[in-house]
Amino acid sequence: MSEWTPTACILCECNCGLEVQLGGLDNRHLVKLRGDKAHPGSRGYACEKPHRLDHYQHNSDRLTRPLRRRADGTFEEIDWDTAIREVAARLAAVRDTHGGDAIFYYGGGGQGNHLPGAYATATRRVLNSRYRSSALAQEKTGEFWVSDRMMGSASRADFEHCDVAMFLGKNPWHSHSIPRARVTLKDIAADPARTLIVVDPRRSETAEMADIHLAVKPGTDAWLLAAILAILVEDDLIDHAFLAAHVAAGELDTVLGALRGISIADCCARTGLEEALVRKAAHAMGKARALATMEDLGVQMNHGSTLVSYLHRLLILLTGSLGKPGTHFVPTTLVDIANGASGKQSPVAGARIVGGLVPCNVIAEEILTDHPKRYRAMLVESANPAHSLADSKRMREALGALDTLVVIDVAMSETARLAHYVLPASSQFEKAEATFFNFDFPHNVFHLRRRLMTPADGPLPEAEIHARLCEALGAVTEADYAPLRAAAAQSRTAYLQTLAMRVMPDPRLSGVAPVLLYRTLPLPDELREGAVVLGLALKAAMGHGPALARAGFTGSPLEAGNALFEAILGSPSGVVFAVDEWGDVLRRLKTADRKLHLALPDLLDELARTLASAESPRDPAWPFVLTAGERRSFTANTVIRDPAWRKKDAAGALRIHPEDAAALGVADGEALRLVTRRGAIVVPIEIGGGMPRGFISLPNGLGVTYEDGTVGVAANELTASEDRDPFVGTPWHKPVPARLARVQA
Ligand SMILES: Nc1nc2c(c(=O)[nH]1)N[C@H]1C(S)=C(S)[C@@H](COP(=O)(O)OP(=O)(O)OC[C@H]3O[C@@H](n4cnc5c(=O)[nH]c(N)nc54)[C@H](O)[C@@H]3O)O[C@H]1N2
Ligand SMILES: Nc1nc2c(c(=O)[nH]1)N[C@H]1C(S)=C(S)[C@@H](COP(=O)(O)OP(=O)(O)OC[C@H]3O[C@@H](n4cnc5c(=O)[nH]c(N)nc54)[C@H](O)[C@@H]3O)O[C@H]1N2
Ligand code: SF4
Ligand SMILES: [Mo]
């Protein structure tokens, strides 16, 4: 067995630092894993999920050779030269006939591997491919869009130092998303001076620990937030000094006017909650010394999601919960993935593009049409849209209608099965990798993980795949590499100067800079795919000089960026790359006038419309509300396909309230037939799980094909792409109308 070697967990956005001992055949198995105390963010923390990560590294779905689909739908193995030549030729043909806009890029990284997306920018540039998307456009784009308009950027919160914490449609005990989640939750729960508030119809594991559990009726969070805001205004619990200093002129009065007209009692009635409990929660938040809040899929994949994101931001700002320890902050990031800028529309459906991402729910209709601007080719990388996007049946039809579908993946995913070409990628332990989900504050961390083992014979790192594609497309040649190689042979300084003088000013070369770096920057093998990080570090040094300087990276942008890059290379457990000051958060607001904007007219209209709408009676044909895709102890999207990884809930049971089960005459573990407008499946049930009556849940990420069998239900066989938010197109996966029936014997 090897020494303990640092790496990271790849199963959720936290990317906790791990230490691993390798063993087994050729030392290629992850035998023992533990939290890495030297990781500056996670500091030794790890949950139960990574201990059997070897199921990711080794499983029978791993791809070993490039594959080409035959006319009969089966695959044949081809060599890499053929694969790259043919993929390049087919994508170039689409570009040359229909324009690069007809080539759609999806993915770029999962929870722990974001370097592929950085290399793919080169291939996309060469193909003139502009339209793209990723899972963020089925969860976070509403939050990004309103945050961008109100604050200039999205914020995160400091739960470690807050005295009041509120989770809205979020179950961090299982889904994490904050550093060392369980330690922080336990600390808050154990301290009588701190208050934990959870808004969730289900008594989730986090709700179970809460001081106040607001068990809203599913989909009524907008009414709850409206009531809370109205209470804050009525009882004058808003932070006048903060608002006077930072809010754009006149906007506070507009918003207060709108909130004063709200009937608190009516709103509470709509949520099914006692008004006294809502008042208690509102007062706790309004009187907090430091309020930290977070919204997630329970509201972001639900009716009124963008409105809820807006009202949530009003709660943060009216209570002055921005820019003080224990409240919200805007981190200094190496790569800005939470950017909400918009203005563009998708080519066929005319859907709003936020943060450069086309809403996931319109992708199928942008393909299944004879519109001249339809997408005709798709490059999918490290994502599984045939499984993870709404309405899998329609998605399969859409992917099947493309002229060319290329999938870059480590495993034979549901999407890869539909591809014309499947390009096998090295696993995240066979190459250098990193996440761009870097949201810590005031010390932000970047971790370039070293490869733990050489790639198995066959797969290639994405960096190499994109370099070969760009070369085959004729976009980069030895002549472009030569000056950089010559400079590299002299010194890093000479190399940086060549980058600054030759590459950056030349749009052709700067577009393929990731490939130039990868091909010419001398790096040890275990860090080779980290080359693109030099470009990111230089860019960060140009944009965030003071934050980098406080972390010790000083000098000109070239010097500071290079020093940061060296530190990243030299820190196998991760490095603090930016140190911020709380006061900077409000000094650096990125809105045009550097003020906070509370009054968004379209969303205030939406609020008025929502509050005026009558409650529609539940359609008796669909008596249940299905949460299609809950995070549980052993779920991790579709990163691990082998069901043997999962220690609990082997079958992926449907959770249901005991009285609902009794009414249907089923016992724990028995199966029911679950029907939605889109599909029907049979699934075993788990009685309890904190579900209220009429509310049922299926786990996320199950129902993948493995060794020609399927374990659990693929949630998106049951969801519909037209069920989506009117503003940003995020899906309504959490309130799927459903019915249940006994399975006929
Ligand atoms: N174990 C595990 N952890 C993960 C992942 C995983 O697959 N498995 N995936 C990661 C990813 S990609 C993401 S985006 C995050 C998501 O993390 P979460 O958003 O926390 O995950 P979910 O379990 O999908 O939804 C959270 C809660 O929303 C509640 N909910 C449902 N309907 C409503 C409603 O109407 N109102 C309110 N207020 N709540 C409602 C559900 O009961 C559930 O407890 O998790 C990350 N972490
Ligand atoms: N109904 C419903 N649908 C949902 C959700 C829900 O709650 N309900 N949640 C949504 C959310 S929040 C998310 S984030 C998405 C997640 O869905 P996707 O973004 O589609 O991602 P994953 O399921 O994580 O699939 C990741 C793919 O990356 C591959 N992979 C792993 N490592 C590597 C690598 O190193 N290189 C390459 N090239 N590939 C690799 C894996 O084999 C897998 O095929 O699902 C969404 N879909
Ligand atoms: S919290 Fe997320 S990243 Fe950390 S160990 Fe658990 S699954 Fe892995
Ligand atoms: Mo996600």
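When a ligand or atom number is given, it counts from 1 through the structure's own listing order.
Inspection of the N361 and Q138 side chains reveals no N or O donor paired with an N or O acceptor under 3.5 Å. S697 and R632 share a side-chain donor-acceptor pair at under 3.5 Å. A side-chain N or O of S309 and one of E295 form a donor-acceptor pair less than 3.5 Å apart.
Atoms of ligand 2 lying under 4.0 Å from at least one heavy atom of A715, given by number and element, are 1 (N). Ligand 2 places these atoms under 4.0 Å from at least one heavy atom of S426: 35 (O). Set against the non-hydrogen atoms of A425, the atoms of ligand 2 under 4.0 Å away are 36 (N), 38 (N).
Contacts between K431 and ligand 2 below 4.0 angstrom, taking non-hydrogen atoms only, involve the side chain exclusively. Under 4.0 Å from ligand 2, the heavy atoms of N113 that appear belong solely to its side chain. The side chain of S413, and not its backbone, has at least one atom closer than 4.0 Å to an atom of ligand 2 (non-hydrogen atoms only; side chain from C-beta on).
Salt bridge present: D457 and R65 bring a charged side-chain N and a carboxylate O closer than 4.0 Å. Using a cutoff of 4.0 Å between basic side-chain nitrogens and carboxylate oxygens, R124 and E381 are not scored as salt-bridged.
Aromatic ring centroids of Y119 and H466 lie 6.0 Å or more apart. For an aromatic pair to be called close, the ring centres must be under 6.0 Å apart, and Y45 with H176 satisfies this.
Polar contact check, Y56 against ligand 2: a nitrogen or oxygen pair lies under 3.5 Å apart. An N or O contact shorter than 3.5 Å links N384 to ligand 2 by distance. Residue contacts with ligand 2: Q428 is placed with a nitrogen or oxygen under 3.5 Å of a nitrogen or oxygen of the ligand (distance criterion only). Here's the thing with E462: one of its N/O atoms is less than 3.5 angstrom from an N/O atom of ligand 2.
Looking only at distances, no side-chain donor or acceptor of E717 sits under 3.5 Å from a matching main-chain atom of S392. Of the possible polar contacts, one joining the W732 side chain to the N302 backbone as a donor-acceptor pair under 3.5 Å is found.
Protein residues with any heavy atom under 4.0 Å from ligand 1: C12, K49, Q111, E139, G169, K170, N171, H174, S175, V199, D200, P201, R202, P218, G219, D221, D296, L297, G298, V299, N302, T627, G629, E630, R631, R632, T635, A636, N637, F695, N700, K734.
Put simply, the residue from F104, Y105, Y106 that forms a ring pair (Phe, Tyr, Trp, His ring centres under 6.0 Å) with Y375 is F104.
Within 6.0 Å of the CD atom in E722, the count of heavy atoms belonging to other residues, nucleotides or ligands exceeds 12.
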